[in-house]
Asker: 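Let me give you the structure first, and then I'll get to my questions.
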Amino acid sequence: MSDAVLRREPPLRPEFERTVVDAGPIGDVARPLSAWERLTDQTALRRTVLLLAIALLWEGYARWLDNPLVFPTFSDTILALWDGIRNDGLPTMAWVSLSTLLQGYVVAVVLAVVMTSVAVSTRIGNDLLSTLTSMFNPLPAIALLPIAMLWFGLGTVSLTFVLVHAVLWPLALNMHSGFMAVPETLRMAGRNYGLSGLRYVFGILIPAAFPAILTGLKIGWAFAWRTLIAAELVFGVSSGKGGLGWFIFQNRNELYIDKVFAGLVVVILIGLFIENVVFRWIEGHTVRHWGMLR
Amino acid sequence: MSDAVLRREPPLRPEFERTVVDAGPIGDVARPLSAWERLTDQTALRRTVLLLAIALLWEGYARWLDNPLVFPTFSDTILALWDGIRNDGLPTMAWVSLSTLLQGYVVAVVLAVVMTSVAVSTRIGNDLLSTLTSMFNPLPAIALLPIAMLWFGLGTVSLTFVLVHAVLWPLALNMHSGFMAVPETLRMAGRNYGLSGLRYVFGILIPAAFPAILTGLKIGWAFAWRTLIAAELVFGVSSGKGGLGWFIFQNRNELYIDKVFAGLVVVILIGLFIENVVFRWIEGHTVRHWGMLR
Amino acid sequence: AAEGRIRIAEQFGIGYLPLHVIRYQKLIEKHGKAQGVDIQVEWAQLSGGAAMNDALLSDSIDVGAGGVGPLLTIWDRTKGNANVMGIATLNAMPLFLTTTNPNVKTVKDFTEKDKIALPAVKVSVQARTLQMAAEQAFGEGKFDALDRFTVSLPHPDGTTALLSGSSITGHFSAPPFQYQQLQDPKVRKVLSSYDVLGGASTFNSVWSKKAFRDSNPKTFAAFVGALREAMDVINKDHKQAATIYLATNKADMDIATIVKMLADPDIQFTVAPKNTSKYAEFMHKVGALKNKPASWKDYFFEDVHGEQGS
Amino acid sequence: MARPAGAMRQPRNYDDPSAAQGTLRPLLDVSGVTLQYKTARQLVTATYRVQFQVHAADRFILLGPSGCGKSSLLKAVGGFLKPVEGSISLNGRDVHGPGPDRMMVFQEFDQLLPWKTVVQNVAYPLIATRKAGRKEAHEKALDCIARVNLSKFADAHPHTLSGGMKQRVAIARALAMEPDILLMDEPFAALDALTRRRMQEELLQLWDDLRFTLLFVTHSIEEALIVGSRILVLSPHPGQVKAELNCHHYDHRAAGGAEFQAMHRRIHDMLFADAVETHV
Amino acid sequence: MARPAGAMRQPRNYDDPSAAQGTLRPLLDVSGVTLQYKTARQLVTATYRVQFQVHAADRFILLGPSGCGKSSLLKAVGGFLKPVEGSISLNGRDVHGPGPDRMMVFQEFDQLLPWKTVVQNVAYPLIATRKAGRKEAHEKALDCIARVNLSKFADAHPHTLSGGMKQRVAIARALAMEPDILLMDEPFAALDALTRRRMQEELLQLWDDLRFTLLFVTHSIEEALIVGSRILVLSPHPGQVKAELNCHHYDHRAAGGAEFQAMHRRIHDMLFADAVETHV
Ligand SMILES: Nc1ncnc2c1ncn2[C@@H]1O[C@H](COP(=O)(O)OP(=O)(O)OP(=O)(O)O)[C@@H](O)[C@H]1O
Ligand SMILES: Nc1ncnc2c1ncn2[C@@H]1O[C@H](COP(=O)(O)OP(=O)(O)OP(=O)(O)O)[C@@H](O)[C@H]1O
Ligand SMILES: [Mg+2]
Ligand SMILES: [Mg+2]
């Protein structure tokens, strides 16, 4: 060690005392933001610009490709969408799909809560959930088809069954690992209040694991759509009142690829709405508000 | 307040001091467990019993149903499985599927890491990830098929592409929300070390979000299977080496339902292996070992 | 593209037997040698018309195969750009409408309680044939009278649903499912597509883009030649054809069943289109085709124009 | 609102043993308790055969060096940890699992429920245990929050609080429950001298009102003497009982006195002696 | 290993101002800093126009009541928090973001990386900042762990440590880095009297060896006097500067003395005066 370091001494300064001003009226002293900062601060705006950029890319690539039977342009798709809305009852079809989907989703959410509650309460429940999840999660919907038809016949109930299969396992997985990752101190606090069983799950575990549960809900939502569209083709609710999947399937078979893309665009739009409005709102009022998520 | 309470006084006791014994040789003083406790402590055993129970249930229900065209018995399925292994090259087919799947899985994991890294580093990256996820996650694999074929032709690459689609979004979602939920103190510690960019992601965010990432990996794994089996039906086989999905499709077409179930059992067995051996091992050596998961 | 490569996609089923024979006996290679080109043949199996279209239009395959309906649709949609046309037919086969409902004698007897399974409502060959039958039964313009009873189910699921006594009471399928169904005493035939069309009709064909034929004349000719030779093989020796079918499909079906099927006079293996124009007319009438072909020669290449087609 | 710093609890006649002799059966009996943590790779003994009795209305202090197992002992009494040896009984009955009769203030800052505001956090256990209706609980919570001087932050969420403020909320939460037994694990460690003193006074005042039983972990000898009525001194890791001392006769006013200083030095030496043993 | 409790740092000639006058430009200049937290529903002002200068080799103490913004100030100096008003500059350059030149010991117990063992936690920043190779870092880490008396737990994971042990690991981690500036947020709050004293001595010894600059938050007046060379006294929430005092002339040996006691009382009164203002 050099002498220079050893000898380093801070200067002696005089002491002082000050009187403190009344802090009552201190307001927001944030520096005003520049116009550009304020603009880019608007998440909605940024995302809209992003969507426009994606649409432009699509249009450009499709034009360059010039193969409308494989990849139609964005403008053609929008025209087809408009046509679909006016002539083919696309909104009704979207509604049919959406309502089926919501049914399956709700059932799956309830089931997931029940199963994971049992799983965290007992060791055998834990084994059961883990085993069932690893068994059934990888199975494609078609594997359930015969069973679904056997139990529920053709129609919405079977479709719901397949949807539940799509949503339940990923949601249960996320929920369960969320529960498992709840900090020990919070668990102890909850048990200290004498909570147990469902009251413990709803009072402590679910809110504490809410970030993971929300992710599970998002994934479940997406996979419900994937499955619904694939399953509608097969289960093809009696002709006449098909949903979006049916619309896509039929038009694909008839090689109206622009309409197929229009159907997919509807799915995308619903997805964007759910993510940017519904889930964003929920996040803003829960996990972000609670400081559990950045 | 009653006088009784007010007057409650603890008794006065004598003080004392004690000498402390040398604590060096204190060993494990746990009470020995009873045979039953030791048995039920064995996770492997408990789960095996559970699987046997499920198999029995299956056998019983199928026998009662007596409809082998829809739901063959467990024993028939096992016989068909044995037959498939000996005569139809089921192991090779499973291997074909598994290797395709692993390729897609690895690509998706790498992509997810890259995308979420960008997403946590920049605000526009965050917008992009969130938008792309909510757009593409709900799209069924068939929507990507034409594009896949256009870009990669028929064959494994297209399958890989579709697999990536199946794995990437749920994994990215879990990863991203895991990153977002990393406690502020840990983030600050990491940035205090001067970590940034990828070093920050790999040094802090990924291990800190590992429980969520593992869940994402599990879900991704399951959905890769679902998608692979569904996609193999559509893509079928080129150059003669079909996978498990093709095996299932072919046997379905020939109404060998027991073989269809045999194919599904292979999927289930692989799923159980991956969950109970691979993921369990990873969990045991990471998140559980680190006390991040119960 | 350079000459000497052809990528063919086929589907599942006995109807594709000519392609199996070509593959098994390497007939394209043989006919290519005769023309002086070494042809590399790539085979793929795809599971449905839509996948076939995607693959063809994205240039992943050169030759696709499927039912008459998809051929007419893709011809109609690609007229003027990709120009997809039929090369030849693979067979003529009857499609049966079967039922387990003892009260159903003709299509008129289906009621609200019945459900008829089809591979794809409205758009499949079976659906079109049923519509034509409905028009014949209920009168001009009433072609959609039975549509509300129909549901989409793939053949295997439809078959199990019919046989296991669920709510499916009717099934419009194809060989070999319809024959398997008829082995069950509960199941009866209501209708054959031959009745509706007034004679034998094409079930499967092969098609390709005009551009492929133009730039690969020798390869294309080799394929057509191979196809014709395969028809001869099948029609001459049912036993050998059945053996090839079993070998290529790894199916452990009884060889006698297949031979019996091949011997069925209703089942023909020929390159000549049969009664396809009736479908075309009907599809144009109901708006599924924008272009009205003057004759079957509009949607088949010249290579088969010499045949007795319709 | 908090009382001025001078206000003290009423004097008690501790020095007359005959008056103090209440029940002879201890409320809490910890006998021969060994606590161990078993992980895949190692076995950690936290405490070894620890023995003590807490009587009703005791203010019992656990004092000992860092890592000696104070928190573990408290968790065992709280029912969160099972002893591998020995037994813990409460009112003559073995402790099986946690319960709201023993409210705990943990050492960690993350013991508040992040999804509840400060006032909700304090009111929740009252509601969950049905000790009070919603409205009553809310009022009681506001009152206790005022006592820990956080009224301004009643509607804030925990993540917007400083470390010391979080601990004060946890204290308010425990006080609001008015439990028979209060388990506190270094509750005042994150507080400044002033706030700490005010909290100590609040606690003693409340004890005087309600005469609950207090089990209190601290690492400050001074705090032990002021807050406690009896002190259990533990040896370093693994914790064993070194001494049990009486200290009911000290309060804030006594803090400067010679007797207080002597007692302080006695305990100090007891702990530091150890250090010399272990570290030289 | 830790030195015996009596070992003290070498004497320094503080009382000769001419020798002490080093550079006149302060190392750290905090001027007019207002810190605010903005959430969707409310705006919290943590500190208001705080002004102070820290010179190289200062042992600068931030002292103030709970919630007055000490941690926030430290985080702002660490580069984790941007002032909404005023500026913070280091060596004449504005602070933009955190960096390994300012190692921080946080107040929270969860600052250790749970996936690393104790020794890995201490060695990691050395490796990450390329201050040392793997092996060298490991050795240095083991050495620092010995200083905080945790050698037995070098291979334990943080979740198996007690609160005080975790904080000691964090201290070891910061010391191992031998940073130019060390920011410590109530590092000894969770430690018992004995361990605390040993840690204080270690810190002062290290300071004597390396003459780094220390910015130290504490709520203990005694600790402030012993550890610090200069004390910044902050008012209650929102924190404003109340006084800056010199205290370089106190160490453990001085702790009993009359001058020490007087200073203690002076600061105590300064803080308690506030209490009377605010709370009566
Ligand atoms: N979850 C755990 N797993 C394994 N060991 C643990 C765990 N918790 C505590 N220990 C060990 O038990 C011993 C006692 O820990 P405890 O938290 O009871 O100490 P303490 O007296 O509260 O210390 P402090 O004053 O630092 O909080 C320590 O050696 C610690 O390493
Ligand atoms: N993340 C945050 N969001 C909003 N407000 C915050 C946040 N962190 C701290 N505050 C507020 O800022 C003020 C100062 O907090 P800070 O943590 O700096 O206090 P402190 O002096 O360190 O207190 P303590 O001694 O209790 O740790 C408090 O009023 C607190 O409510
Ligand atoms: Mg502790
Ligand atoms: Mg603080």
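What you see is a predicted model; the values in this text were computed from it and never measured. Letters A, B, ... are given to chains in the order of the sequence lines, protein chains preceding strands, and every chain is numbered from 1.
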Asker: How close do E:Pro100 and B:Gly194 get, counting heavy atoms only, and between which atoms?
Answerer: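 Heavy atoms of E:Pro100 and B:Gly194 come nearest at CD-CA, 3.8 Å.
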Asker: Using non-hydrogen atoms and a 4.5 Å limit, figure out which bit of E:Lys75 sits close to chain B: side chain, backbone, both or neither.
Answerer: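 The answer is the side chain of E:Lys75.
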Asker: Please flag which part of B:Met188 lies under 4.5 Å from any non-hydrogen atom of chain E: side chain, backbone, both or neither.
Answerer: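 Both parts, backbone and side chain.
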Asker: With chain B, which of E:Gly78, E:Pro125, E:Ala128 has the greatest number of heavy-atom pairs at distances under 4.5 Å?
Answerer: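 Most pairs with chain B among the choices: E:Pro125.
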Asker: At a heavy-atom separation under 4.5 Å, does E:Leu126 approach chain B through its side chain, its backbone, both, or neither?
Answerer: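 Neither part.
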Asker: Can you tell if the side chain of B:Ile204 reaches within under 4.5 Å of the side chain of E:Leu113, non-hydrogen atoms only?
Answerer: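 Heavy-atom side-chain distance check passes, below 4.5 Å.
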Asker: Is the closest side-chain heavy-atom distance between E:Pro114 and B:Val287 below 4.5 Å?
Answerer: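 SC-SC contact between E:Pro114 and B:Val287 ruled out.
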Asker: CD1/E:Ile127 to OH/B:Tyr193 distance, rounded to the nearest 0.5 angstrom?
Answerer: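 E:Ile127 atom CD1 to B:Tyr193 atom OH measures 11.0 Å (nearest 0.5 Å).
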Asker: Using atom types as modelled and distance alone, determine if a side-chain donor or acceptor of B:Asn192 lies under 3.5 Å from a backbone N or O of E:Gly99.
Answerer: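 At least one qualifying donor-acceptor pair exists.
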Asker: How far does OG1 of B:Thr185 sit from CD of E:Glu108, to the nearest 0.5 angstrom?
Answerer: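 With rounding to 0.5 Å, OG1 (B:Thr185) is 4.0 Å from CD (E:Glu108).
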Asker: Can you tell me how far apart CZ (E:Phe80) and CZ (B:Arg187) are? Round to the nearest 0.5 Å.
Answerer: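 Output value for this atom pair is 12.0 Å.
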Asker: Is B:Arg191 reaching over with its side chain to a backbone N or O of E:Gly79, donor-acceptor style, under 3.5 angstrom?
Answerer: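 Not a single qualifying donor-acceptor pair exists.
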Asker: What are the two closest non-hydrogen atoms of E:His159 and B:His289, and how far apart are they?
Answerer: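 Looking at all heavy atoms of both residues, the shortest contact is CE1-O, 3.2 Å.
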Asker: Decide yes or no on side chain to side chain contact (heavy atoms under 4.5 Å, CB included) for B:Ile206 and E:Trp115, but give the supporting numbers first.
Answerer: CA-CA 11 Å; B:Ile206 289 186; E:Trp115 54 93; over 6 Å; no
Asker: For chain E, which candidate among B:Gly291, B:Pro207, B:Gly190, B:Ala189 shows the most heavy-atom pairs at distances under 4.5 Å?
Answerer: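 Going by pairs under 4.5 Å, I would pick B:Pro207.
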